[in-house]
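Side-chain atoms are counted along with the backbone in the values below, which use heavy atoms only and exclude waters and symmetry mates. A note on names: the letters A, B, ... follow the listed sequences, proteins ahead of strands, and every chain is numbered from 1.
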2 protein chains.
Amino acid sequence: MTDEAAPQRLVDLAHALADAARPVAKRYFRQPLDIIEKADESPVTIADREIETEMRALIEAHFPEHGIIGEEHGAVRADADIVWVLDPIDGTQAFITGMPIFGTLIAACRDGVPIVGIIDQPILEERWVGAAGRPTTFQGAAARTSGCEAPERATLYATHPSMFEAIDRRADFDRLAGAVRRTRFGGDCYAYGLLACGWADLVVEAALQPYDFCALAPIVEGAGGAVSDWRGEPLTIRSDGTLVAAATPALNVAARGLLERG
Amino acid sequence: MTDEAAPQRLVDLAHALADAARPVAKRYFRQPLDIIEKADESPVTIADREIETEMRALIEAHFPEHGIIGEEHGAVRADADIVWVLDPIDGTQAFITGMPIFGTLIAACRDGVPIVGIIDQPILEERWVGAAGRPTTFQGAAARTSGCEAPERATLYATHPSMFEAIDRRADFDRLAGAVRRTRFGGDCYAYGLLACGWADLVVEAALQPYDFCALAPIVEGAGGAVSDWRGEPLTIRSDGTLVAAATPALNVAARGLLERG
């Protein structure tokens with residue numbers, strides 16, 4: 001994130017995109033779906049495509065000069081100053097199994113750096129909003145992380161152990177999991193919202209795509225947390241897909257130390 | 001489950017217990033809690049104890065001759081013909097991390113066999129009700145499993161991989177996980193509700209206590225599913241804490257075969 005505050009017009013449009021996504025997600029949630037397996041075997045749904053189409057149309061209508069990168073429909077103007085990064089339904093496996101902890105992820109990046117991020121849970125009507133230079137909000141009120149600094153007191157979330165096998169780092173994750181107070185799987189993007197509100201302390205993941213992580217950084221950082229890749233580099237649209245999101249900078253450093261002590 | 005239908009008065013009281021639990025769970029959810037670590041390190045909350053106290057008082061008021069086994073306050077009249085088995089907050093780790101997929105579990109057992117079961121999610125106000133001789137309901141409407149019979153097409157849920165390490169069967173679970181279409185962790189009791197509604201196909205767990213599993217059997221069976229321990233024995237209050245809940249009897253058999261092929 002940068003020190004320069006995010007323009008209000010970007011925050012406003014991000015809200016409008018999330019507002020547009022909600023009714024579509026609600027309409028298809030827990031309905032029989034024509035699930036199509038993509039080549040990488042992550043399931044996508046009709047809802048996924050419809051939401052992204054609606055969000056892209058809104059961006060084109062308001063800021064035709066902005067770029068867009070979406071999970072479903074690819075990239076346009078990816079070298080624009082402002083690029084929107086969209087995941088209409090993050091946690092598609094949660095979605096298709098009827099678990100209301102998936103989310104619509106919306107990010108605006110300036111020169112590749114996420115400056116606005118939204119996690120929206122359409123079924124529970126819960127929304128986290130992060131923007132550079134402002135406090136993160138949950139349901140409109142300021143959100144703060146727990147302030148936890150010590151791994152041994154931390155609750156760690158990760159979506160699935162297989163994401164660490166994908167980058168051949170399962171043993172490193174297991175070392176971290178063995179050092180924290182408790183580990184929970186199955187959080188998807190919702191876990192980052194829990195972290196921003198102080199209900200979880202640490203989310204460590206890997207094998208993510210930009211549309212999976214760009215929205216998360218402003219939310220966690222604006223709540224007092226610290227987000228980086230596993231090497232400690234700040235997240236940008238070009239990050240390598242590893243992620244350490246922590247309640248505090250100290251916990252981020254400590255978690256990365258445990259991941260590296262191989 | 002038995003062929004003899006569950007008496008309506010037991011179903012009515014089970015609803016009343018769940019009704020009593022909801023406002024207490026809501027009051028404490030996502031609030032700072034004085035979390036006490038029990039000897040076995042599972043976290044319990046003030047909410048847990050308050051809910052069980054209220055539920056026990058209701059049972060004593062209506063059926064003072066019935067037995068009660070609860071997670072928090074132990075057993076009374078455990079040899080009565082009808083014994084209530086209560087878990088005020090199943091998924092305490094979900095609860096304390098702000099994840100609204102924990103549940104209040106309420107079971108009535110006759111001669112040790114669960115004949116009434118409720119899973120209630122207080123925050124989402126979602127309720128599954130199973131009773132011997134009747135169709136399972138979700139939000140008052142009949143629920144049916146997916147009908148899935150083939151492991152390779154099944155979505156499998158389990159709360160945490162560590163439960164299989166606790167019984168030294170992690171490799172067996174991993175073999176099953178490798179054979180199904182997809183595996184999700186973090187379901188807690190909510191996963192059994194998803195199974196009863198056809199959104200998941202298989203839940204396999206271990207190291208459970210009677211208050212964790214008694215309520216689940218009537219719900220899954222009344223929706224067309226098949227529940228047993230890992231050896232195929234029907235669930236009773238004396239079961240060994242292993243559980244295979246499947247959308248169909250064929251899937252239950254196939255899953256147990258994969259668990260045993262060591």
Original post:
Contact part of B/T97 toward chain A, heavy-atom cut-off under 4.5 Å: side chain, backbone, both or neither?
Top reply: both
Subject >> Contact class of A/L124 relative to chain B, heavy atoms under 4.5 angstrom >> reply: side chain
Original post:
For chain B, which of A/D201, A/T155, A/D188 has the most heavy-atom pairs under 4.5 Å?
Top reply: A/D188
Subject >> Separation of A/I101 CD1 from B/M99 CE (nearest 0.5 Å) >> reply: 4.0 Å
**OP:** State, to 0.1 Å, how close A/G98 and B/Y190 come at their nearest heavy-atom pair, and which atoms those are.
**Re:** O-CE2, 4.2 Å
Subject >> Distance (rounded to the nearest 0.5 Å) between A/I96 CD1 and B/R182 CZ >> reply: 3.5 Å
Subject >> Side chain / backbone / both / neither for A/T159 at chain B, heavy atoms under 4.5 Å >> reply: side chain
Subject >> Part of A/Q121 lying under 4.5 Å from any heavy atom of chain B >> reply: neither
Original post:
In this structure, are over 12 heavy atoms from other groups packed under 6.0 Å from B/R153 atom CZ?
Top reply: no
Original post:
Checking B/A94 against chain A: side chain, backbone, both or neither under 4.5 Å from a heavy atom?
Top reply: both
Original post:
Heavy-atom distance under 4.5 Å between the side chains of B/Q93 and A/T183, does that happen here?
Top reply: no
